[in-house]
Amino acid sequence: MNFLAHIYLSGDNEFVTIGNFIADGIRGKSYKKFPVDVQIGILLHREIDTYTDAHPIVRQSTKRLHKNYSHYSGVIVDILYDHFLAKNWKDYSNVPLEVYVEQFYDSLEANFEMLPNRTQRMLPHMIADNWLLSYAKIEGIQRVLDGMNRRTKNISGMNTATNELKQYYAEFESEFTSFFEELRSFTKQKRIDITKTFQHK
């Protein structure tokens with residue numbers, strides 16, 4: 001899953017949410033240097049990624065893209081799924097998306113020193129262009145895919161994936177909706193399990 005889904009799936013704990021958000025930049029056991037709630041978020045992120053990558057519904061989505069994007073298909077699906085989460089946000093939260101993302105940005109800025117260097121460098125761009133809110137529109141997804149394509153030195157061709165998004169919009173949305181219900185249940189239980197392991201240490 002991409003940024004918005006990881007943040008949402010963290011629940012209400014600010015530091016679990018930060019951990020989940022920064023987890024891609026934390027390698028191996030280096031997560032142990034962070035406060036416990038941030039550690040929980042990092043471990044939760046890893047569980048979400050493992051569950052997502054192996055899920056048959058997600059594989060159905062990636063299969064549709066594999067011919068044109070090969071091993072980048074999973075990255076693209078993560079981004080497309082964030083689009084459907086943002087677009088249908090009112091189905092998942094009582095807090096308007098605009099308010100939710102502003103509160104999250106405020107949290108990151110308040111805990112800036114805790115963030116890994118790569119996240120610190122990214123944050124000003126993320127806030128200036130309001131990435132999380134922009135996911136709700138196809139134009140916002142296009143900008144994300146353009147950026148991802150540039151980072152692969154234009155090898156991935158990900159910038160053209162909005163063509164498939166538009167062509168198979170209903171299919172992708174249906175797959176996201178079905179999968180996300182399962183992911184929410186999985187994550188809720190996994191958050192409890194990980195928290196318990198820290199309580200028993």
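Numbers here are sequence positions counted from 1.
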Passes salt bridge (charged side-chain N to carboxylate O under 4.0 Å, His left out), E173 versus K87? Steps please.
CA-CA 10 Å; E173 185 162 24; K87 177 200 164 202; 2.8 Å; yes
Go through the steps for I18 and N111 under the test side chain to side chain contact (heavy atoms under 4.5 Å, CB included), then give the verdict.
CA-CA 9 Å; I18 289 173; N111 295 282; 3.6 Å; yes
Would you check if [X] and [Y] make a side-chain contact, meaning some heavy-atom pair closer than 4.5 Å?
X: F112; Y: L115; result: yes
X: S61; Y: F176; result: no
X: Y105; Y: L132; result: yes
X: V36; Y: F15; result: no
X: I127; Y: E109; result: yes
X: D49; Y: H45; result: yes
X: H125; Y: M122; result: no
X: I22; Y: F34; result: yes

Go through the steps to decide whether Q167 and N163 satisfy the test side chain to side chain donor-acceptor pair (under 3.5 Å), and finish with yes or no.
CA-CA 6 Å; Q167 183 178 357; N163 294 332; over 6 Å; no
In this structure, which one of R59, Q60, H55 forms a side-chain hydrogen bond (donor to acceptor under 3.5 Å, both in side chains) with E175?
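Of R59, Q60, H55, side-chain hydrogen bond (donor to acceptor under 3.5 Å, both in side chains) with E175 is met by Q60 alone.
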Of all the heavy-atom pairs spanning [X] and [Y], show the shortest one and how long it is.
X: H71; Y: H66; answer: N-NE2, 4.3 Å
X: M148; Y: I79; answer: CG-CD1, 4.0 Å
X: L85; Y: A5; answer: CD2-CA, 3.5 Å
X: I57; Y: S178; answer: CD1-CB, 3.8 Å
X: N2; Y: D78; answer: CB-O, 3.4 Å
X: G25; Y: R118; answer: CA-NH1, 3.9 Å

Before giving the answer on side chain to side chain contact (heavy atoms under 4.5 Å, CB included), spell out for D146 and M158 the whole-Å C-alpha distance, their side-chain angles and the decisive distance to 0.1 Å.
CA-CA 7 Å; D146 286 343; M158 282 192 277; over 6 Å; no
Looking only at atom types and distance, does a side-chain atom of [X] sit under 3.5 Å from a main-chain N or O of [Y], one as donor and one as acceptor?
X: S70; Y: Y72; result: no
X: R191; Y: L9; result: yes
X: D129; Y: W131; result: no

How are the rings of [X] and [Y] set relative to one another: parallel (under 30°), tilted (30 to 60°) or perpendicular (over 60°)?
X: Y168; Y: F172; value: perpendicular
X: Y169; Y: H83; value: perpendicular
X: F21; Y: F104; value: perpendicular

Out of curiosity, [X] [atom1] to [Y] [atom2], how far, rounded to the nearest 0.5 Å?
X: Y8; Y: L97; atom1: OH; atom2: CG; answer: 12.0 Å
X: E14; Y: S107; atom1: CD; atom2: OG; answer: 3.5 Å
X: L183; Y: E47; atom1: CG; atom2: CD; answer: 11.5 Å
X: T160; Y: L145; atom1: OG1; atom2: CG; answer: 8.5 Å
X: I194; Y: Q189; atom1: CD1; atom2: CD; answer: 10.5 Å
X: D24; Y: I26; atom1: CG; atom2: CD1; answer: 9.5 Å

Under a single-linkage definition using a 4.5 Å side-chain heavy-atom cutoff for Ile, Leu, Val, Met, Phe, Trp and Tyr, are V99 and Y92 assigned to the same hydrophobic cluster?
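Yes, one cluster joins them.
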State whether a side-chain donor-acceptor pair under 3.5 Å links N149 with N154.
yes
Is it the case that E164 and N68 place a side-chain donor and acceptor less than 3.5 Å from each other?
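Checked: E164/N68 side chains pair up, N/O donor to acceptor below 3.5 Å.
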Kindly determine whether V58 and D53 satisfy side chain to side chain contact (heavy atoms under 4.5 Å, CB included), including the steps that lead there.
CA-CA 7 Å; V58 178; D53 290 344; 5.9 Å; no
I need the single residue from Y135, F84, Y100 that forms a ring pair (Phe, Tyr, Trp, His ring centres under 6.0 Å) with W89. Which is it?
Y100
Walk me through whether N13 and D37 qualify under side chain to side chain donor-acceptor pair (under 3.5 Å).
CA-CA 8 Å; N13 185 303; D37 284 343; 3.1 Å; yes
Between I48 and N20, is a side chain to side chain contact (heavy atoms under 4.5 Å, CB included) present by the stated rule, with each step listed?
CA-CA 10 Å; I48 290 168; N20 201 337; 3.8 Å; yes
